Amino acid sequence: MKFFIDTANLDQIREANDLGILDGVTTNPSLMAKEGIKGTEAILKHYKDICDIVHAPVSAEVISTDFAGIVEEGKKLAAIDPNIVVKVPMIKEGIKAIKWFTDNGIKTNCTLVFSAGQAILAAKAGATYVSPFIGRIDDSSWDGVELIAQISHIYRAQGFETQILAASIRNALHIVRCAEVGADVCTCPLSSILGLLKHPLTDLGLAQFLADAKGMA
Ligand code: G3P
């Protein structure tokens, strides 16, 4: 399973990249706004800055909702860097645009996916990635990981090549469970990636080893 970081914060992207296990980045308009980025030029520059840190897929989301607007915006985003993946919402015009991008060699990430039916449509349109939002599903008392398992089953049965990108990850256990049920990618906040490191027995064991090593000096 690949690890993407789900942020537009350059310091966090650098920190995750320095770990050596980062395979890409996803952003969305809310994450970009959180960094205080305003205006088209600043937005395009910020995506370029991310691409210059991580030489791997970087999802940049369109804000248009009509076919022509999504295509125009997506072409501009794709021109920033060869690693840009155009992130398109799961709406009717979005599906049409994903098919257009697929036919024109532009990679896409179909976002705001909450059902298996939506995931089938994204795959039929040729999306490179499909992004089910598992944390938001959990928030409404459904099981987000079950959706990843269902999509994984369908994609394998049908031979779809779209990669399942589990998004809206809230904790380290989400990452483990997504790995179990066959997600191709998990996009996570830095805190959830670092959460994978944690185990009290590791800390206790290391403290003991270091104490014993002092006795040997
Ligand atoms: O980038 C999409 C997704 O990961 C959003 O997560 O935490 O806002 O539900 P969240």
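Predicted model only: the values in this text are computed from it and were never measured. Count residues from 1 along the sequence. Whatever order the structure lists ligands and atoms in, that order sets their numbers, starting from 1. We use all heavy atoms of the structure for the numbers below, so side chains are in, but hydrogens, waters and symmetry mates are not.
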**Report entry** Atom indices of ligand 1, in the order listed, that fall short of 4.0 Å to a heavy atom of R136
**Finding:** 5 (C), 8 (O), 9 (O), 10 (P)
Query raised in the report: Does atom CG of L194 have more than 12 heavy-atom neighbours, drawn from other residues, nucleotides or ligands, at distances under 6.0 Å?
Result: yes
Query raised in the report: What is the closest protein heavy atom to atom 6 (O) of ligand 1, and at what distance does it sit?
Result: S168 CA, 3.3 Å
Report summary line: Within 4.0 Å of some non-hydrogen atom of A167, the atoms of ligand 1 are 4 (O)
**Report entry** Numbered atoms and elements of ligand 1 in range of R170, under 4.0 angstrom, heavy atoms
**Finding:** 7 (O), 9 (O), 10 (P)
Query raised in the report: Hey, is K96 close enough to E93 for a salt bridge, meaning N to O under 4.0 Å?
Result: yes
Query raised in the report: Looking at ligand 1, does E61 have a heavy atom less than 4.0 Å from it?
Result: no
Query - Between S152 and R156, a side-chain donor and acceptor under 3.5 Å - result: yes
Report task. Check the surroundings of atom NZ in K48: do more than 12 heavy atoms from other residues, nucleotides or ligands lie under 6.0 Å from it? Result -> yes
Query raised in the report: Does the N or O separation between D6 and ligand 1 drop below 3.5 Å for any pair?
Result: yes
Report summary line: among protein heavy atoms, the one nearest atom 2 (C) of ligand 1 is F133 CZ, 3.3 Å
Query raised in the report: Just by modelled atom types, is the T27 backbone N or O under 3.5 Å from a matching donor or acceptor in the K87 side chain?
Result: yes
**Report entry** N-O pairing of D18 and R14 below 4.0 Å
**Finding:** no
Report task. Kindly confirm or rule out an N or O of T187 lying under 3.5 angstrom from an N or O of ligand 1. Result -> no
Query raised in the report: Would T26 count as a contact of ligand 1 if the rule is a heavy atom under 4.0 Å away?
Result: no
Query raised in the report: So which bit of K87 gets within less than 4.0 Å of ligand 1, heavy atoms only: side chain, backbone, both or neither?
Result: side chain
Query raised in the report: Does T102 use its side chain to pair, donor to acceptor, with the backbone of A125 at less than 3.5 Å?
Result: yes
